[in-house]
Amino acid sequence: MAEQPHSFDKTYWDDIWHGDRAMAMAAGQPNPHLIREIGDLAPGTALDAGCGAGTEAIWLAAHGWEVTAADISADALARATEKAAEAVVSDRVRWVEADLSTWEPDARYDLVTTHYAHPAMPQLEFYDRIASWVAPGGTLFIVGHLHRGSHGDGSAHGHGHGDHLPPASASATAGAITARLDPASWDVSTAHESQRTVVGPDGKESTIHDVVVKAALHQ
Ligand SMILES: C[S@@+](CC[C@H](N)C(=O)[O-])C[C@H]1O[C@@H](n2cnc3c(N)ncnc32)[C@H](O)[C@@H]1O
């Protein structure tokens, strides 16, 4: 019987981070787009929106950023906290358990980044929301699931299983994201769509289709 389409709400993410996919999700390497695009940026304050088990937040902290890392799942943050202690960067990361569709930060950030977070709200509205948290002169860096037409309800979505077929509602194109960044306020330096092969913990290869957008907010 086909799985029902799901809402990507707290229950969904709690189940993911409590379930058998969690170890595979937590074992990932820092996102290669982040390393390539942000590696040369002078560090400041950063927000990782939907940080999961903290791999990118820890990478940022290790590269000099003062990181706030937020996720809706307490289990994800528990894994992240352990990994940060192992990496000896705990003093540079503040972990926040929050629903980013309603949470409001108490500051703006020099870098706001997100990697594949897709909450229970329209994807592009989520990107609008996190864009509003960038400080003047700061950077928005989005890595998301690429929209590839109508590709289902997400019941086959990987999250560690290796298939990586996100639901259409959780994906976006580079053009759709950049169309919402007013050129009077933003300079877009990266807007690309790409694919890469990853090897899961079971040794199986799979292809991830990414959308990557980097934009600087005017002073
Ligand atoms: C596909 S995982 C990606 C995790 C991590 N960024 C990575 O790339 O490995 C998406 C993350 O977004 C988080 N998330 C989803 N909806 C959220 C929300 N409304 N508020 C905060 N975090 C959320 C999930 O708990 C999950 O950790």
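Start at 1 and go down the list; that is how both ligands and their atoms are numbered. No experiment lies behind these values; they were computed from the predicted model shown.
Aromatic rings from His118 and Phe126 are positioned such that their centres are separated by 6.0 Å or more.
Comparing Tyr116, Phe126, Phe8, Trp13 against atom 15 (C) of ligand 1, the shortest heavy-atom distance belongs to Trp13. When the heavy-atom distances from atom 19 (N) of ligand 1 to Thr102, Asp71, Asp99, Thr114 are ranked, the shortest goes to Asp99. Which of Ile72, Asp9, Thr55 comes nearest to atom 17 (C) of ligand 1 through a heavy atom is settled by distance: it is Ile72.
Nearest approach of Phe141 to Leu34, heavy atoms of both residues: CE2-CA, 3.6 Å. Summarising the geometry of Thr114 relative to Asp48, their closest heavy-atom pair is CA-OD1, 4.2 Å, with the distance given to 0.1 Å. Closest non-hydrogen pair, Ala70 versus Leu100, comes out as CB-CD2, 3.8 Å. Here the shortest heavy-atom pairing between Phe8 and Ala170 reads CE1-CB, 4.2 Å.
The ligand atoms of ligand 1 that sit less than 4.0 angstrom from a heavy atom of Ala98 are 20 (N), 21 (C). Taking every non-hydrogen atom of Ala117 and a distance limit under 4.0 Å, the qualifying atoms of ligand 1 come out as 10 (C), 12 (O).
Not a single donor-acceptor pair under 3.5 Å links the side chain of Lys83 to the backbone N or O of Ala27. In this structure, the side chain of Gln123 engages the main chain of Ala117 through a donor-acceptor pair within 3.5 Å.
For Leu100, a nitrogen or oxygen atom sits less than 3.5 Å from a nitrogen or oxygen atom of ligand 1, counting backbone and side chain alike. Annotation: His118 places no N or O atom under 3.5 Å from an N or O atom of ligand 1; distance criterion only.
Neither the backbone nor the side chain of Ala76 has a heavy atom within less than 4.0 Å of ligand 1.
The shortest heavy-atom distance from Cys51 to ligand 1 is under 4.0 Å. The shell of residues lying under 4.0 angstrom from ligand 1, judged by heavy atoms, includes Trp17.
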